[in-house]
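See below for the structure under consideration.
Ligands are counted one by one from 1 in listed order, and the atoms in each one are counted from 1 as well. Residues: numbered from 1 along the sequence shown.
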Amino acid sequence: MNVSGIGMTSQRTRERLVQRLFDQGIKDLNVLEVMRNAPRHLFLDEAMAHRAYEDVALPIGHQQTLSQPLTVARMTELLLAEGPRNNVLEIGTGSGFQTYVLSRLVKQVYSVERIKPLLLKAKQRLRSLKVWNANCKHGDGMLGWSDKGPFDGILVAAAAEEIPQALIAQLADGGRLIMPVGGDKQALHLVVRRDAEFEHQILDSVYFVPLLPGAPR
Ligand code: SAH
């Protein structure tokens, strides 16, 4: 895709977005730095790419969206709030943008997507960006990815009324799970495992597409 020359990738446009993220409360400098350099336009279809550095969610087809940059930054910051992560599970690869952001900040990312065409496109993008520490597969993320766990971070990019039990079960000691919970009204929930205890916090209100069961062929 040729997107140079239209100004959307300009450093100034990205600078403005990062300033906005900071103003909205994102304080983790590593997260801000990755957001500054992340080529969000490459995770969108050409028709949408000119809006890549606006702080809005954008359609990626199949009735799904690439999350708002503020949400991506916020969830990533929450994931990293108690130190670096080695093994992170993401549910809802979508465009692959959040996967990309995570790959720059943690050791290894595993990501599950239920819509095959989205998954294939995301994989292609990550490969062309030479991201080698992210593994993406087609499947039902409600089941997690048990043979790659336990995970010291789990980030879910789609909302459900309850946190799937399989995901809680794949959380390592000290692991942090972040997920939007609710129906029409949703909030980010944070679960931190400490030994056999699970601390539960309800944070910002958000809006996500639904977490759906199964993975159509
Ligand atoms: N992080 C993505 C956001 C995609 S929107 C991005 O940055 O682009 C949420 C994604 O979750 C959609 O692609 C949707 O297909 C996927 N999804 C919904 N339910 C799922 C499930 N049970 N397992 C895996 N992916 C799921």
Donor-acceptor pairs are to be reported for all side-chain atoms of residues 203-215 against protein atoms at under 3.5 Å, with residues two or more places apart or in another chain.
{"from": "Asp204", "atom 1": "OD1", "to": "Arg74", "atom 2": "NE", "distance (Å)": "3.3"}
{"from": "Asp204", "atom 1": "OD1", "to": "Arg74", "atom 2": "NH2", "distance (Å)": "3.0"}
{"from": "Asp204", "atom 1": "OD2", "to": "Arg74", "atom 2": "NE", "distance (Å)": "2.6"}

In a simple table, one pair per line, please give the protein and ligand 1 atom names for every N or O pair closer than 3.5 Å, along with the distance.
{"from": "ligand 1", "atom 1": "1 (N)", "to": "Gly92", "atom 2": "O", "distance (Å)": "3.3"}
{"from": "ligand 1", "atom 1": "7 (O)", "to": "Gln98", "atom 2": "N", "distance (Å)": "3.4"}
{"from": "ligand 1", "atom 1": "8 (O)", "to": "Ser95", "atom 2": "N", "distance (Å)": "3.0"}
{"from": "ligand 1", "atom 1": "8 (O)", "to": "Ser95", "atom 2": "OG", "distance (Å)": "2.7"}
{"from": "ligand 1", "atom 1": "13 (O)", "to": "Glu113", "atom 2": "OE1", "distance (Å)": "2.7"}
{"from": "ligand 1", "atom 1": "13 (O)", "to": "Glu113", "atom 2": "OE2", "distance (Å)": "3.3"}
{"from": "ligand 1", "atom 1": "15 (O)", "to": "Glu113", "atom 2": "OE2", "distance (Å)": "2.6"}
{"from": "ligand 1", "atom 1": "19 (N)", "to": "Leu212", "atom 2": "N", "distance (Å)": "3.0"}
{"from": "ligand 1", "atom 1": "22 (N)", "to": "Asp140", "atom 2": "OD1", "distance (Å)": "2.9"}
{"from": "ligand 1", "atom 1": "22 (N)", "to": "Leu212", "atom 2": "O", "distance (Å)": "2.6"}
{"from": "ligand 1", "atom 1": "23 (N)", "to": "Gly141", "atom 2": "N", "distance (Å)": "2.7"}
{"from": "ligand 1", "atom 1": "25 (N)", "to": "Arg114", "atom 2": "N", "distance (Å)": "3.3"}

Glu197/Arg194 salt bridge by N-O under 4.0 Å criterion: no
Any salt bridge linking Arg36 with Glu33? Criterion: basic side-chain nitrogen under 4.0 Å from a carboxylate oxygen. yes
What pairs with Lys27 under side-chain contact (heavy atoms from CB on, under 4.5 Å), at least two apart in sequence or on another chain? Phe22, Glu77
Return a table of donor-acceptor pairs under 3.5 angstrom between the side chains of residues 100-110 and protein atoms on other chains or two or more places apart.
{"from": "Ser103", "atom 1": "OG", "to": "Tyr100", "atom 2": "O", "distance (Å)": "2.7"}
{"from": "Gln108", "atom 1": "NE2", "to": "Asn133", "atom 2": "O", "distance (Å)": "3.1"}

Give the intermediate values and the outcome of side chain to side chain donor-acceptor pair (under 3.5 Å) for residues Ser95 and Gln64. CA-CA 9 Å; Ser95 68; Gln64 306 303 322; over 6 Å; no
